[in-house]
Amino acid sequence: MPTAASRVATFGTTIFTEINTLAQQHNALNLGQGKPDFDTPQDIIMQLVRAAQSGQHNQYAPGPGTASLCAAIVDHAARFYSMDIDPKRGVVVTSGATEGIFSSILGLVDPGDEVIIIEPYYDSYVPNIIMAHAVPVYVPLHPPAWTFDPAELRSAFSQKTRALILNTPQNPSGRVFTPQELTLIAQLCIEHDVTVIADEVYEHLIFADAQHIPIATLPGMFERTVTVSSAGKLFSATGWKVGWVYGHPELIEGVARAHQFVTFAVHHPTQEAIAYALNLPDTYFAAFQAMYATKRQLMMSALDSGSLKYTAPQGTYFIMADYSGVFNGTPLEFTRYLTKEIGVACIPPESFYSQEHAHIGHGYVRFAFCKSDDLLQQVKARLAKLKRTF
Ligand SMILES: Cc1ncc(COP(=O)(O)O)c(C=O)c1O
C-alpha cells in the first residue's frame, strides 16, 4: 500500500488536539491554544462583508497581495518603525504568518543549509525547515529570565548557517529581546552572512517598559531580513489566516517565488478588510495593548493564587509558569492533572523544544491569556484550589 513521504514521517499530531479534547471532556477553562475567545472588532468584520458583497473582490487576488493591503502594510511599517518598504516589490501577503515563514524558508534556504532557531519556538519552524531539507540548529533560552547565552548563540553559527529565525516578542516565553541582544544577533548574522526571518506577529503586544524593535531596523540588517507579521494576532482574527512578509525586494522576490506555488493568492475580501484595519489610527493599537495589559495582570494574579511562579511576560499573550513547587512530574503529566482535577487547560512545552534541550522546559507549562476577563477571573478561582501534591 502507498504510504506517506519520509519527509513527514516524524510529524505527529499536535499536542493542541489532545489538550483541546481533554479540556472539552473535563469542562476545563482552556488556556491552551493562542486563539482569542472574544470576537474580531465589528467594524473590521463589516469591511469583510462589504468587500464580499461589492462583487469586486470574489475572484483571485493578485499573487503578492492586493494593492490596498500592500500599501497598508507599507504605511504601517513607516508609521511605527520609520521603515521604507517598496509596496510593489517589498511585500508578499500570505496565508497567515505560518505560510509567510514557510515560503520564506523555501524561498531563501537551500537543502543542506543550517537554520538557527531560538527555543522554545513556535511549533511550525522545525517541520518547515525539515520540509525544505535544511537542518535546524537550536539555541536555548534559559529560564527563569528566558535569556540566551551569548557564547551558545555564537557557537551555533557555522559555515553552513544560511538563516536565523528570530521571534520577538517571543512565543512562548513572553520575552521581548533587548537592543543589546538584537545587536549581538545582528552582528553575528552580518559576520556570517546570514538571512534573518523575523517573526514579529506579536509586534503590538508589549507591556510595561518593553519596546519592540524590528531587527530589520538595525544597521546593516534591512538587506538581510524578511519580517513576518499577521492580522490574526493584531486584530483578534486568527481564523482569517492573513499574514505578510516584507523587506528588501531581493529577498522578497525569493519569498514570492515560493509563495506563488504554495498558495498563489490569499483570500481576496479578507485582504480588503485587513487593509482597512491596518490603517486604523494609533488609538486602536493603544487600546489593544491596554486591553492585553489588563489580561496579563489577571493572568499573573491567577498564577499567584495557585502558587505558580513565573517571569512577567514583556510581550505576547503567553506566560510560562513554573509548577515545580506544587507538582512532581513531566509537563504533560501536570497539564493532564490541571485539566482533569483543577479544570484549567494549558500547554506542555515539549513540542516547543528539540530533544536535545527538552529538559530545559521541564517544570514549565504555557498559559495563553487571550481570553475574556471573566474567564481569567474564573481561572483564578480554580487555580486557588491547586495544592502541593507531593
Ligand atoms: C510566533 C508565532 N508565529 C506565527 C504564528 C502563526 O500565525 P498565523 O496564524 O498568522 O499563521 C503564531 C501563532 O500562534 C505564533 O505564535
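Every number for a ligand or one of its atoms is a count from 1 in the order of the listing.
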For the 3.5 Å polar cut-off, considering only N or O atoms, please tell me whether [X] and ligand 1 meet it.
{"X": "Asp199", "result": "yes"}
{"X": "Ser95", "result": "no"}
{"X": "Asn171", "result": "yes"}

**Request:** Specify whether Phe80 and His76 have parallel, tilted or perpendicular ring planes, treating 30° as the upper limit for parallel and 60° as the lower limit for perpendicular.
**Result:** tilted
**Prompt:** Relative to Phe390, does Arg388 satisfy both conditions: NZ or CZ under 6.0 angstrom from the six-membered ring centre, and within 45 degrees of the ring's axis?
**Reply:** yes
**Message:** Tell me whether Ala97 reaches ligand 1 (any heavy atom closer than 4.0 angstrom to a ligand atom).
**Reply:** yes
**Proximity to ligand 1 by part of Glu99, non-hydrogen separation under 4.0 Å** = neither
**Message:** Is the contact between Asn167 and ligand 1 made by the side chain, the backbone, both, or neither, using heavy atoms and a 4.0 Å cut-off?
**Reply:** side chain
**Prompt:** Of all the atoms in ligand 1, which lie at a distance below 4.0 Å from a heavy atom belonging to Lys241?
**Reply:** 8 (P), 9 (O), 11 (O)
**Request:** Considering the heavy atoms of Tyr202, write down every atom of ligand 1 situated less than 4.0 Å from one of them.
**Result:** 1 (C), 13 (C), 14 (O), 15 (C), 16 (O)
**Request:** Nearest 0.5 Å please: distance from the CH2 atom of Trp146 over to the CD atom of Gln170.
**Result:** 9.0 Å
**Message:** For residues Phe264 and Val93: do they belong to one hydrophobic cluster (side chain heavy atoms under 4.5 Å, members Ile, Leu, Val, Met, Phe, Trp, Tyr)?
**Reply:** no
**Message:** Taking Thr94's backbone N and O only, do any of them form a donor-acceptor pair with Lys241's side chain (distance below 3.5 Å, no angle check)?
**Reply:** no
